[in-house]
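Notes follow the structure.
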Amino acid sequence: YLETSSYCPGACADCYVPAADRRQNLQLDGAMLDRLLSSAEQLPIAYVCIVGGEPLDASIVEQNLRLVHDHPRTRFLICTSGEPEIGPELGRSLGALRNLTLLVSFEGLPSTHKSIRPRGSFEQACATLDTYRSYSRSICGASVTLRTNNWHEATSREFLEQVSRAGAQYFVYSPCETVAGRPMLSPDRQALALDRLAELSAASRALIFTYPFGQILGQRIAPARRFRSLTVDYTGNVYIARRGACFGNVYDTDLATLISRPALQTAYSQAAAGPVGWRPSPVQIGAWT
């Protein structure tokens, strides 16, 4: 996950980017991004997700799209709040990138979404999905952060059906982190959320993924390998939990060296532990995803 910029005009609850940084436009250096992507292409990484800040904001979108264009061997996701308007020029630019998938953030149905994203709306997020699909032949999805006040609604059939009708072809769920880098959702509630998603997935038109377990059942599709992710923030620091321990900085060393550090490998093993009362079907832990 690449935080190419810190700037975001939103004021979402529990945002992991400090408010002072969100008001600035702190950016990873363009040359560093190219070196980072060249290094990532030598590793078995499934995709690179550009996050923020707001990656479609006018202050950073040109650099982000240039990065996708200049690295065609890499599959990119851009995760957006859905608030920046996708006009014809941006729509054509997004649609021309065949190695790009758009991911739009949803927090629940309209009132819940608005309570967490006070400067956003469920309707605008749905419109972003619809607009993107009108310009691109690529798939698009929904990113959902499970919290104490939305986990039940965000794992309901009504929510999945509404967002699927808006154009989401897959859903990615992850637990919200506390300031200390631990999941905000209790293990018991996370287990219940996963059970609900597993029950819904067999009949859902969309595929469902959760961190760190990969694909949840699905339409007779084999489970994906466990997710192992890392985040490079807008100053170059590397984390596996955005508010947790820092494992180094990409300005000081290369990505492969950072990934091979014993402390980071140990942290992956600890993060793979499942919530109480729920275990996925046994799958081999394989390549970096």
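No experiment lies behind these values; they were computed from the predicted model shown.
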* To do: Determine the minimum heavy-atom distance between V144 and A154, stating which atoms define it.
  => CG1-CB, 3.8 Å
* State which residues pass salt bridge (charged side-chain N to carboxylate O under 4.0 Å, His left out) with D70; sequence neighbours excluded, sorted by chain then number. => R66
* Asked: Hey, is the main chain of S121 close enough, under 3.5 Å, to the side chain of E83 for a donor-acceptor pair?
  -> yes
* **Distance-only side-chain donor-acceptor flag, S6 / Q24, under 3.5 Å** => no
* Asked: Counting N and O atoms only, with roles assigned by atom type, does the side chain of N237 sit under 3.5 Å from a partner on the main chain of N249, one being a donor and the other an acceptor?
  -> no
* With side chains defined as the heavy atoms from C-beta onward, is the minimum distance between R147 and T145 less than 4.5 Å? -> yes
* Asked: Going only through I, L, V, M, F, W and Y residues with side-chain contacts under 4.5 Å, is there a path from V238 to Y268?
  -> yes
* For E85, does the CD atom sit with more than 12 other heavy atoms under 6.0 Å from it, leaving out its own atoms? -> no
* Any side-chain heavy-atom pair of H69 and L97 under 4.5 Å -> yes
* To do: Return yes if some donor-acceptor pair links the side-chain N/O of D14 with the main-chain N/O of E177 below 3.5 Å, else return no.
  => no
* To do: Determine, using the 4.5 Å side-chain heavy-atom cutoff (strictly less than), whether V48 and Y251 are members of one ILVMFWY cluster.
  => yes
* Asked: For the atom pair CG (L194) and CD (E199), what is the distance rounded to the nearest 0.5 Å?
  -> 13.0 Å
* Using the test side-chain contact (heavy atoms from CB on, under 4.5 Å), find all partners of C126 that sit at least two apart in sequence or belong to another chain. => F106, F122, A166
* Will you find, in the side chains of T235 and D233, an N or O donor that is under 3.5 Å from an N or O acceptor? -> yes
* Only counting residues at least two apart or in another chain, list the ones meeting side chain to side chain donor-acceptor pair (under 3.5 Å) with D254. => T257
* Asked: For the side chain of T128 and the backbone of G82, is there at least one donor-acceptor N/O pair under 3.5 Å apart?
  -> yes
* Would you check if S138 and R75 make a side-chain contact, meaning some heavy-atom pair closer than 4.5 Å? => yes
* To do: Give the C-alpha distance, both sets of side-chain angles, the deciding distance and a yes or no for side chain to side chain contact (heavy atoms under 4.5 Å, CB included) between V104 and L102.
  => CA-CA 7 Å; V104 180; L102 197 69; 4.2 Å; yes
* Asked: Under 3.5 Å, side chain of S164 to main-chain N/O of E161, donor-acceptor pair present?
  -> no
* Would a distance-only check, ignoring hydrogens and angles, find a side-chain to backbone donor-acceptor pair under 3.5 Å from R196 to H152? -> yes
* Asked: What pairs with Y132 under side chain to side chain donor-acceptor pair (under 3.5 Å), at least two apart in sequence or on another chain?
  -> S136
* With distance as the sole criterion, is a donor-acceptor pair present between the side chains of H71 and D34 under 3.5 Å? -> yes
* Asked: Between T210 and L146, is a side chain to side chain contact (heavy atoms under 4.5 Å, CB included) present by the stated rule, with each step listed?
  -> CA-CA 10 Å; T210 72; L146 294 177; over 6 Å; no
* Backbone of N25 reached by a side-chain donor or acceptor of Y234 within 3.5 Å -> no
* Which value, rounded to the nearest 0.5 Å, describes the distance between T4 atom OG1 and Q63 atom CD? -> 6.5 Å
* To do: Apply side chain to side chain contact (heavy atoms under 4.5 Å, CB included) to L2 and L37, showing your working.
  => CA-CA 10 Å; L2 288 182; L37 265 294; 3.6 Å; yes
* Asked: In this structure, are over 12 heavy atoms from other groups packed under 6.0 Å from R98 atom CZ?
  -> yes
* Asked: Shortest non-hydrogen contact from A267 to F247?
  -> CB-CZ, 3.5 Å
* Asked: Do I208 and L160 touch side chain to side chain, with heavy atoms closer than 4.5 Å?
  -> yes
* To do: State, to 0.1 Å, how close E54 and P9 come at their nearest heavy-atom pair, and which atoms those are.
  => CB-CD, 4.4 Å
* Asked: How close do Y1 and S229 get, heavy atom to heavy atom, and via which atoms?
  -> CE1-CB, 3.6 Å
* Structure fact -> From the list L207, T101, L103, side chain to side chain contact (heavy atoms under 4.5 Å, CB included) with I139 holds only for T101
* To do: I would like to know whether S81 and C8 meet side chain to side chain contact (heavy atoms under 4.5 Å, CB included); could you show each step before the answer?
  => CA-CA 9 Å; S81 65; C8 181; 5.8 Å; no
* Asked: With sequence neighbours left out, what residues match Q42 under side-chain contact (heavy atoms from CB on, under 4.5 Å)?
  -> R73
* **Donor-acceptor under 3.5 Å (D57 side chain, I60 main chain)** => no
* **G10 to R22 - nearest heavy-atom pair and separation** => O-NE, 3.9 Å
* Asked: Is there a path from I116 to F159 through hydrophobic residues (I, L, V, M, F, W, Y) whose side chains come within less than 4.5 Å of each other?
  -> no
* Structure fact -> E3 meets the salt bridge (charged side-chain N to carboxylate O under 4.0 Å, His left out) criterion, sequence neighbours left out, with R242
* Quick one: pull up CG in L192 and CG in L197 and give me the separation to the nearest 0.5 Å. => 11.0 Å
* Backbone N/O of I216 and side chain of S201: donor-acceptor pair under 3.5 Å -> yes
* Asked: Any side-chain heavy atom of Y135 within less than 4.5 Å of one from L94?
  -> no
* **Side chains of S143 and F171 in contact at under 4.5 Å (non-hydrogen atoms)** => no
* Structure fact -> Between R117 and S105 the two heavy atoms that sit nearest each other are NH2-CB, 3.2 Å
* Should Y239 and L258 be counted in the same cluster of Ile, Leu, Val, Met, Phe, Trp and Tyr side chains packed under 4.5 Å apart? -> no
* Sub-4.5 Å side-chain heavy-atom contact between L36 and L255 -> yes
* Asked: Linking I/L/V/M/F/W/Y whenever their side-chain heavy atoms sit closer than 4.5 Å, directly or via other members, would Y7 and L26 fall into one cluster?
  -> no
* Are C140 and Q169 close enough that some pair of their side-chain heavy atoms sits under 4.5 Å apart? -> yes
* Assess the side chains of T112 and N150: does a donor N or O sit below 3.5 Å from an acceptor N or O? => no
